[in-house]
Structure formats: structure tokens, C-alpha cells
Amino acid sequence: MATPRTSATQVRRRGGTVPARWRARYRLVPWWAKVMAIWGLTRVVTTTLVLMLASVQGQNPWTPAKPGYADFATMWDSLWYNIVAVGGYPSVLPVTADGHVGENAWAFMPGYPVLVRLLMLLTGAAWEPVAVFVSVACSLVTALLFYRLMRRVQSHSTALFSVVLFCAAPLSPLLQFGYAESMQLMLLTLALLLVLERRYLALVPVIFVMALTRPTGLAFALFLALHVGHRWYSRARNPFPARIARTASAVAVFSGVMGLAWPALAWVVTGSMTAYTDTELSWRSAYIGYQELVPFTAWFQSGVWWLGQPVGILAVIALILAFTGAMFTPWVRGLGVDLRLWAVSYALYLLAVFFPQSSTFRLLMPMFPLLGALAVPHSILYRVVVTLALICGQWGWLLLCWGVDGADWTPP
């Protein structure tokens, strides 16, 4: 029979220095309260960093010197969303002096600004505080949904740490800025969760809004097509009735249609079949001039622009090989087939159409489920170091991409 002293030693070994009654109380706390606590604490940290930078921000095209939080959080592309919310989209595309389509509102989809505008009308509040409120609210919902998503493939503690990584990630300040990313991630997380739960018809309204919030329709269509293909291939182990396969396939087609809906609407309104792509290409003209959109060339063009020949080409090839290899590491494989298929689908979409520059960090945000791979180790030291490193990354991203220093060439 164990002595009381031995029993106490065993308790300490199992639970460290945390009293048993505290551990028991912690276990009684519902998962959503733990997630909300993580979200709240990380928002305090991020808000502190943002206010520190705002306090030394000089006058810029969007704000006076030392702006308040709401003004500082609605700089850069938030102005374009404001233009959409108040004035809509142009029926005549702006043209530069040399005859090319210039930057205009068609590059910014209506989901987020329409929601903000509706709340502005209901409350009578200005753009800045309402835009921030919508992003913050969406970030909380995303954190809750992300736990549910990770819980499908991870243990409770690992899923909670995945939420920590998401909330502390270097680009997490965008979750409380006047950008559409927070709303996009909320819808994307819900969509991925519905796929893992095999609730295909419920995806339809989510895809509809998501595809009109950020350009994700085509990438999600590819993901669903790969998902259907994998389920059909493995149907001997996991049954995939023909009726459900047809439903999932139809939803994949719907996602593809929604991915083309916004360019089609821009064509109808402006009369130019290439209105949307020409608008998007205007943003990369500062780097490589006006060029036609040729799929799967922009990354190599960017590599050459940044690093020259042949280093730029080799760097892009190395990135592709590194990403491919990462998809087969044990930690990433532990996320399951579906989340890896989404990461691959979105990566292929970016490789096909995106020109990498300082906005690349932001465009990579929809791949955030891969953060779950970093959450696997249980070492307390590892988790503390990784979390602190990500918070330092927030400060680095804020300095590099958000803060404005004269003629800034690193837009977020």
C-alpha cells in the first residue's frame, strides 16, 4: 500500500506543481470558454503592439500622425473597402495615361464591405469602428470554429494549442483590422469543418458568401474535386454512396461557378470581358509593367524580379519542392487527408495567378490549418518558445508591412 508521501509524489509527477484541485476545475471549464480566453488574451497582446506602433506612426496618406486605433486599423486597402461600401463599383474602368486599366474597386469583393455597410446603416456609426468590429467578431468565431476543426484530427490539448498558434500568428493583427481576411477565414473554417463532417449541401450558402468575400471559389472547387476523388478511390474502406458522391460533385461545380461569378459580373457591368483580371494585373504593374495573365508564370516572374536569373527561378523551384516535402512530414500528415488537400489546392491556386511581393504573407493566410502541425509537440518549453516567436513575428510584420514610412513599397 502506497504511503501518503508516495501518493503526493506521484501526483506531483503527473501534474507538475499545479494543485490537483486547480486541474480538476480547469477540466470542468467548457472548451469554448478556454478558446475565448485564448482569443481574449492574444487580442490584448496584439492590440498593445498595434497601439505601440500607432503611437510613433507619422502622417501618411490615410491618417494624421499618431492616429487612434480605429484609424490606424483601417489604413491601406481598407480605404478601398470603404469606397465599395459607400460608392459601389465603377461602370467605367479607369485608364492610365498609357491606355491600361488602372487600380480600381473591382479588385475588392463585396462580402465584407456590404456587411459593414449594413451595420453602419443600423447603428449610424462611421466606417472605421464598424469595420474593426466586424473583423474582431469574425476572428472570435473563427477561433471557436478552428478548435472544432482541429478537434476532428487532434486531441483536446493539441487543438487548444493550435488555436493559440492561430491567434498569436505573425499576421493575427489583420484579424482586428479593416480587411476582409477575418471574415474570409471564418467562412473558410466553417466550410472545411462541414467537409470533414460530410455535410455537403450545407456548404452551398457558405461557398456563396465566401466566394464573394475573397477569391477562394476556384481553389475550393479544386479542393472539393480532389476530396471527391479521394473518397471515391478509397470507397472500399470508407463507403461513398453514389448519391452522396453526386451531391459533393455538384457542390464542387457550384464552387467553380462562384469562383467565376465575380469576374463575370465585372464583365457585365463594365462591358469588358477582362475587367477583373485587368484590374488585378494593374497592381503588379509597378513591379514588372503591364503584362498578360499567363497561369503559373507569375511566381517565376517575381523570382527573377527580386533575385535575378537564374537564382530567382531556382528559388521558386526550391519553394515548390519544400512545400511538397512538407505535405508528407508526419506532423502535417497527422492533420488528415482533407486539410492537406485544401492546402495543396490553395497553393496551386496561388501558384497559378498570384504575383509574390509583400502581400504574399497575407495571401497565405487561408493555409492556416497547417498551424496544427506546429501544435503537435507537447513540450512546455517548445510551446512557450514557439508562441513567443510568433508574437515577435507580429511586431516584425507590423513594422514591415503595416506601418507607413514615407513612400512605403511594402503593402500588407
Side-chain angles (χ1 to χ4, degrees), residues 39-40 42-90 103-143 167 169-187 209 212-214 283 358-359 361-363 365 394-395 397-408 410-412:
W39 175 86
T42 54
R43 290 312 94 215
V44 169
V45 172
T46 299
T47 301
T48 301
L49 296 178
V50 172
L51 289 174
M52 287 172 58
L53 185 57
S55 69
V56 296
Q57 175 63 59
Q59 185 175 353
N60 59 80
W62 298 276
T63 73
K66 300 181 179 180
Y69 183 89
D71 289 332
F72 190 65
T74 49
M75 299 194 309
W76 295 99
D77 285 349
S78 184
L79 176 61
W80 282 110
Y81 286 117
N82 191 357
I83 290 172
V84 171
V86 175
Y89 296 92
E103 298 175 359
N104 66 86
W106 281 106
F108 301 90
M109 293 180 168
Y112 174 74
V114 166
L115 177 57
V116 175
R117 178 63 175 171
L118 289 174
L119 292 178
M120 289 169 62
L121 294 173
L122 289 174
T123 63
W127 164 264
E128 291 81 4
V130 179
V132 171
F133 170 78
V134 169
S135 292
V136 171
C138 288
S139 74
L140 173 57
V141 177
T142 304
C167 292
L171 270 74
S172 61
L174 270 175
L175 300 176
Q176 52 193 70
F177 287 172
Y179 270 49
E181 267 67 21
S182 190
M183 181 175 173
Q184 175 201 21
L185 295 184
M186 177 187 70
L187 295 166
V209 180
L212 294 176
T213 300
R214 288 286 301 158
W283 259 269
S358 56
S359 295
F361 304 113
R362 177 171 59 87
L363 271 292
M365 288 182 75
Q394 289 185 41
W395 185 244
W397 180 82
L398 286 168
L399 288 175
L400 177 66
C401 293
W402 194 261
V404 184
D405 183 14
D408 200 306
T410 56

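Quick caveat, the model's predicted, so the values are computed rather than measured.
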Less than 3.5 Å apart, which donor and acceptor atoms pair up between the side chains of residues 115-128 and the rest of the protein, not counting sequence neighbours?
from: Thr123; atom 1: OG1; to: Leu119; atom 2: O; distance (Å): 2.7
from: Thr123; atom 1: OG1; to: Ala125; atom 2: N; distance (Å): 3.2
from: Trp127; atom 1: NE1; to: Ser78; atom 2: OG; distance (Å): 3.3

Does any pair with a residue in residues 48-61 pass side chain to side chain donor-acceptor pair (under 3.5 Å), and if so which ones, sequence neighbours excluded?
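Side chain to side chain donor-acceptor pair (under 3.5 Å) check on residues 48-61 returns Asn60-Thr63.
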Measuring from [X]:[atom1] to [Y]:[atom2], what's the distance to the nearest 0.5 Å?
{"X": "Leu212", "Y": "Met109", "atom1": "CG", "atom2": "CE", "value": "7.0 Å"}
{"X": "Arg43", "Y": "Leu175", "atom1": "CZ", "atom2": "CG", "value": "5.5 Å"}
{"X": "Leu53", "Y": "Phe72", "atom1": "CG", "atom2": "CZ", "value": "4.0 Å"}
{"X": "Gln176", "Y": "Phe133", "atom1": "CD", "atom2": "CZ", "value": "13.5 Å"}
{"X": "Glu103", "Y": "Trp283", "atom1": "CD", "atom2": "CH2", "value": "4.5 Å"}

For a quick test of reading the model, state the closest non-hydrogen atom pair linking [X] to [Y] and the distance between them.
{"X": "Thr46", "Y": "Cys167", "value": "OG1-O, 4.5 Å"}
{"X": "Tyr179", "Y": "Met75", "value": "CE1-O, 3.8 Å"}
{"X": "Pro113", "Y": "Ala85", "value": "O-CB, 3.6 Å"}
{"X": "Pro67", "Y": "Pro64", "value": "CD-O, 3.5 Å"}

By side-chain contact (heavy atoms from CB on, under 4.5 Å), which residues pair with [X], not counting sequence neighbours?
{"X": "Leu51", "answer": "Thr47, Tyr69"}
{"X": "Asn104", "answer": "Pro90, Leu93, Pro94, Val101, Trp106, Thr279"}
{"X": "Ile83", "answer": "Leu79, Trp80"}
{"X": "Leu363", "answer": "Arg214, Tyr346, Leu350, Phe354, Ser359"}

Mind checking whether [X] and [Y] have side chains closer than 4.5 Å, heavy atoms only?
{"X": "Val209", "Y": "Met183", "value": "yes"}
{"X": "Cys138", "Y": "Gln184", "value": "no"}
{"X": "Trp397", "Y": "Pro173", "value": "yes"}
{"X": "Phe361", "Y": "Cys401", "value": "yes"}

Which residues pass the side chain to side chain donor-acceptor pair (under 3.5 Å) test with [X], not counting sequence neighbours?
{"X": "Ser139", "result": "Trp39"}
{"X": "Ser135", "result": "Tyr112"}
{"X": "Thr142", "result": "none"}
{"X": "Asp77", "result": "none"}

Please step through side-chain contact (heavy atoms from CB on, under 4.5 Å) for the pair Thr74 and Asn82, ending with a clear verdict.
CA-CA 9 Å; Thr74 49; Asn82 191 357; over 6 Å; no
Can you check whether Phe177 and Trp76 have ring centres sitting under 6.0 Å from each other?
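Centroid distance Phe177-Trp76: not below 6.0 Å, so no.
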If you draw a 6.0 Å radius around OH in Tyr89, do more than 12 non-hydrogen atoms from other residues or ligands fall strictly inside?
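Enclosed.
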